[in-house]
Each structure stands twice: as C-alpha cells, then as structure tokens.
Visitor: 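The structure under discussion is supplied below as structure tokens; questions concerning it will follow.
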Amino acid sequence: MKKITSSEQFMDKAASLFADIASVLSTREGIRLSSVSTPQNVACYQVSGVKRCLLLRLVLIPMSTGHVLARLSWLDGRGIDHVCCYLNESFERLLVASDGGWKKQKKSAELLCLQGLESLVA
C-alpha cells in the first residue's frame, strides 16, 4: 500500500474510508452520516438516526518521529472521545499494545466503528 506523506493525501484517502464506513452503518443500523466542517479534524461526520448527538471524526496526530498517525473516533455530546482505532500513514489500523508500542489491528475500520457505535447507543 502506498505510504501517505502529506495531510492532503491523508484527506483524500479518508474520503473513501468514510464512504465505506457510511455504507456499513447505513446497511446494518439504518444510520446516516452527514459531513460537517470543524477545523481540528481531517474529516468529521454527524450521525443522524440515533437519539444521541455523535460525531465520527478523523484527527491527525503528528509524531515526534516525523510520522503522522490519525485517530478515528466517536465524539459524544459530552465531548468524550471514544477511539475506534488509529491509522498509520499506509492506513493500516493500529492499536496500542500493552508495552506502549503499536500493533496492527486485524479488524476493519468499518467494523471497529460499528462496534463503537453499538456500545454508545446501547
């Protein structure tokens, strides 16, 4: 997979990721995502079809090594961030290992977002 080297490339790649997530949420849960603009996010979508105020967002995290990570998370109405997963520059899903390092996540971003949403609206 091609490595992403700029925030513009990250944004382009994020658009297809969110299209896939929106499709899964719509098919399985009957939930719609609507794009909203917020300055700190690469992408941010408001959820309709649930009783709670939720945003699904992708935030870039510059690392001291010069690499960039992104956090894909649900933001609830109280301002609490519920992380679905982290993405590296190749858009591989990562999670924090017990030793504080990063390891690859086997589940898809779509499934991780769906699981996170289900726990928030349960």
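Please read all numbers here as calculations on a predicted model, not as lab measurements. Along the sequence shown, residues carry numbers from 1.
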Visitor: With side chains defined as the heavy atoms from C-beta onward, is the minimum distance between Leu75 and Leu56 less than 4.5 Å?
Guide: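 Not touching, per the 4.5 Å side-chain cut-off.
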Visitor: Restricting to non-hydrogen atoms, name the atom on Phe18 and the atom on Arg57 that form the minimum distance, rounded to 0.1 Å.
Guide: CZ-C, 4.1 Å
Visitor: Do the non-hydrogen side-chain atoms of Leu112 and Lys107 ever get within less than 4.5 Å of each other?
Guide: yes
Visitor: According to salt bridge (Lys or Arg N to Asp or Glu O under 4.0 Å), who are the partners of Arg71, at least two apart in sequence or on a separate chain?
Guide: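 By the salt bridge (Lys or Arg N to Asp or Glu O under 4.0 Å) rule, Arg71 matches Asp81.
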Visitor: If we only count heavy atoms from C-beta on, is the Leu120 to His82 side-chain gap below 4.5 Å?
Guide: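 Side-chain contact under 4.5 Å: yes.
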Visitor: Tell me every residue that passes side-chain contact (heavy atoms from CB on, under 4.5 Å) with Lys103, counting only those two or more places apart in sequence or in another chain.
Guide: Leu95, Ala97
Visitor: Out of curiosity, Ser73 OG to Leu55 CG, how far, rounded to the nearest 0.5 Å?
Guide: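 Rounded to the nearest 0.5 Å, the OG-CG separation comes to 9.5 Å.
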Visitor: Could I get the full list of side-chain contact (heavy atoms from CB on, under 4.5 Å) partners for Val50, not counting sequence neighbours?
Guide: Ile31, Val47, Leu54, Val121
Visitor: Quick one: list whatever passes side chain to side chain donor-acceptor pair (under 3.5 Å) with Ser108, sequence neighbours left out.
Guide: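 Side chain to side chain donor-acceptor pair (under 3.5 Å) check on Ser108 returns Glu110.
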Visitor: Can you name the residues that form a side-chain contact (heavy atoms from CB on, under 4.5 Å) with Lys106, not counting sequence neighbours?
Guide: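 In terms of side-chain contact (heavy atoms from CB on, under 4.5 Å), with neighbours along the sequence ignored, Lys106 is linked to no residue.
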Visitor: Would you say that Asn88 contacts Leu69 through its side chain, given a criterion of any heavy-atom pair below 4.5 Å between the two side chains?
Guide: yes
Visitor: Ala22: which residues meet the side-chain contact (heavy atoms from CB on, under 4.5 Å) condition with it, sequence neighbours left out?
Guide: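 side-chain contact (heavy atoms from CB on, under 4.5 Å) check on Ala22 returns Leu33.
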